[in-house]
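For reference, the structure is listed below as structure tokens.
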Amino acid sequence: MNQNMEAGQYGSVYSAPKKQKNPNIAIWICVGLLALVLLIGMLSVGFFLIVNTSSQVPDVVGLRMTDAVGAIEKSGYTYRTFNEESSSVPDGHIIRQSPSAGERLKKGEIVTMYVCEKEEIIPSSTTPPTPTPSQSQVIYLSAGTILVNRYPNSGIYVRAQASTNSAKVLYIAAGDTSVKLQYITSVGASDGTWYQVRLPNGSGGYVRADVVRVSTGYEGGTSSGSSGGSYLVNRFSTSGIYVRAQASTNAAQVAFIAAGDTSVKLTCLNSTTGADGYTWYYVRLPNGSYGYVRSDVVRWW
């Protein structure tokens with residue numbers, strides 16, 4: 001019995017020690033949780049940056065080119081255009097776009113637009129829609145003069161060089177006077193006079209002199225250009241002025257406008273420099289006739 005008691009006593013005294021937990025496991029769990037938190041944070045920041053540096057491409061299909069360009073630039077994108085023919089889309093309007101509307105792009109990236117281009121029909125110089133000055137009379141304009149498409153029924157091109165065989169830089173649809181071209185200088189070519197111009201986007205090109213006219217300043221509902229008004233009127237309250245058949249004080253008188261009479265409003269179609277060194281405006285009178293008036297005797301109304 002004593003032996004059993006001793007065995008029991010020794011058994012309780014020499015029982016196996018309890019196994020200690022490994023402290024490294026807790027450390028690795030903490031490291032893993034920290035890494036997970038950092039990963040979630042980085043993903044959140046990345047998503048935030050993507051959302052805030054990109055936006056959905058606007059739908060410009062069917063819009064007039066100038067309106068489409070405005071929508072693209074307002075969204076923070078750049079653009080490029082290509083011309084295509086289409087029987088279902090109006091001239092000068094967008095046929096399709098890439099990327100499609102609703103897709104996300106980073107700001108500053110390119111949206112490609114395909115513009116409907118009807119066949120270019122430039123009226124013959126022998127049968128213009130309205131009387132125009134001769135080539136020798138339209139080559140002198142003041143630098144910065146604003147020019148627009150003169151034809152309501154015909155589209156025109158701005159080209160890379162002063163030639164109808166040169167690459168097309170820009171197409172301006174029939175009747176679209178919202179595209180303003182800034183005159184730089186004149187160039188003589190085998191087919192007539194061409195104007196070197198600056199486009200609204202800052203690039204340059206050439207347009208034939210007989211397909212544009214001087215902007216009145218109010219085409220397309222905007223007050224662009226340097227004219228400051230849509231008509232020309234007599235500027236003198238004490239002196240009458242003449243509208244003449246040619247850009248010369250010796251030319252035949254087409255109309256007389258009395259002193260102080262601002263009721264006779266002349267529509268400016270073009271301008272030229274006369275032999276006297278003055279700028280003359282080629283104008284349409286209220287009765288539909290045409291003539292020239294010297295720039296220093298009229299003002300914009």
Test item: Ile40 and Val37 side chains (from C-beta on) under 4.5 Å apart, heavy atoms: no

Residue pair His93 / Gly62: nearest heavy atoms and the distance that separates them: CD2-O, 3.2 Å

Any residue meeting side-chain contact (heavy atoms from CB on, under 4.5 Å) with Arg235, in chain and number order, not counting sequence neighbours: Arg299

Atom pair CZ/OG1 of Arg294 and Thr249 - distance to nearest 0.5 Å: 7.0 Å

Which residues share a ring pair (Phe, Tyr, Trp, His ring centres under 6.0 Å) with Tyr114, sequence neighbours left out: Phe82

Whichever hydrophobic residues join Phe256 through chains of side-chain contacts under 4.5 Å: Tyr242

Smallest separation among heavy atoms of Val57 and Ser100, with atom names: CB-O, 3.8 Å

Pairwise side-chain contact, Val211 with Ile172, heavy-atom cut-off 4.5 Å (strictly under): no

Residue list, side-chain hydrogen bond (donor to acceptor under 3.5 Å, both in side chains) with Thr78, at least two apart or on another chain: none

Residues which pass salt bridge (Lys or Arg N to Asp or Glu O under 4.0 Å) with Arg244, listed by chain and number, not counting sequence neighbours: none

Any donor-acceptor pair under 3.5 Å from Asp59 side chain to Val61 backbone: yes

Residue pair Ala245 / Val254: nearest heavy atoms and the distance that separates them: N-CG2, 3.4 Å

Test side chain to side chain contact (heavy atoms under 4.5 Å, CB included) applied to Val197 and Leu199, step by step: CA-CA 6 Å; Val197 295; Leu199 281 65; 4.3 Å; yes

Non-neighbouring partners of Ala275 that pass side-chain contact (heavy atoms from CB on, under 4.5 Å), sequence neighbours left out: none

Side-chain heavy atoms of Leu232 within contact of Val283, under 4.5 Å: yes

Minimum side-chain heavy-atom gap Leu170-Val179 below 4.5 Å: yes

Minimum heavy-atom distance between Val169 and Gly204, given as atom pair plus value: CG1-O, 4.0 Å

Rounded distance [0.5 Å steps], CD1 in Ile184 versus CZ in Arg198: 4.5 Å

Residue pair Arg150, Asp210: steps toward the side chain to side chain contact (heavy atoms under 4.5 Å, CB included) verdict: CA-CA 8 Å; Arg150 74 178 307 137; Asp210 60 334; 5.9 Å; no

Straight-line distance of Glu103 CD to Ser98 OG, nearest 0.5 Å: 7.5 Å

Residue list, side-chain hydrogen bond (donor to acceptor under 3.5 Å, both in side chains) with Asp261, at least two apart or on another chain: Ser263

Residues that Ser289 engages under side-chain hydrogen bond (donor to acceptor under 3.5 Å, both in side chains), provided they are two or more places apart: Asn287

Ile72 vs Met113 side-chain heavy atoms within contact, under 4.5 Å: yes

CA sep, side-chain torsions, deciding dist, call: Tyr292, Val243, side chain to side chain contact (heavy atoms under 4.5 Å, CB included): CA-CA 5 Å; Tyr292 293 81; Val243 178; 5.8 Å; no

pair Arg213-Val148: side-chain heavy atoms closer than 4.5 Å: yes

Closest heavy-atom pair and its distance - Leu285, Ala255: CD2-CB, 3.3 Å

From NZ (Lys168) to CD1 (Ile156), nearest 0.5 Å: 13.0 Å

Gap separating the CG atom of Asn234 from the CD1 atom of Ile257, nearest 0.5 angstrom: 6.0 Å

Distance-minimising heavy-atom pair for Val187 and Ala162: CG1-CB, 4.2 Å

Criterion side chain to side chain contact (heavy atoms under 4.5 Å, CB included) on Val111 and Leu105, from CA distance to verdict: CA-CA 9 Å; Val111 175; Leu105 273 186; 4.0 Å; yes

Listed partners of Ser75 passing side-chain contact (heavy atoms from CB on, under 4.5 Å), at least two apart: Pro58, Tyr77

Asn149 side chain to Gly155 backbone, donor-acceptor under 3.5 Å: no

Results of side-chain hydrogen bond (donor to acceptor under 3.5 Å, both in side chains) for Gln196 - residues two or more places apart only: none

Residue list, side-chain contact (heavy atoms from CB on, under 4.5 Å) with Ser239, at least two apart or on another chain: Phe236

Rounded distance [0.5 Å steps], CG in Leu147 versus OH in Tyr195: 7.0 Å

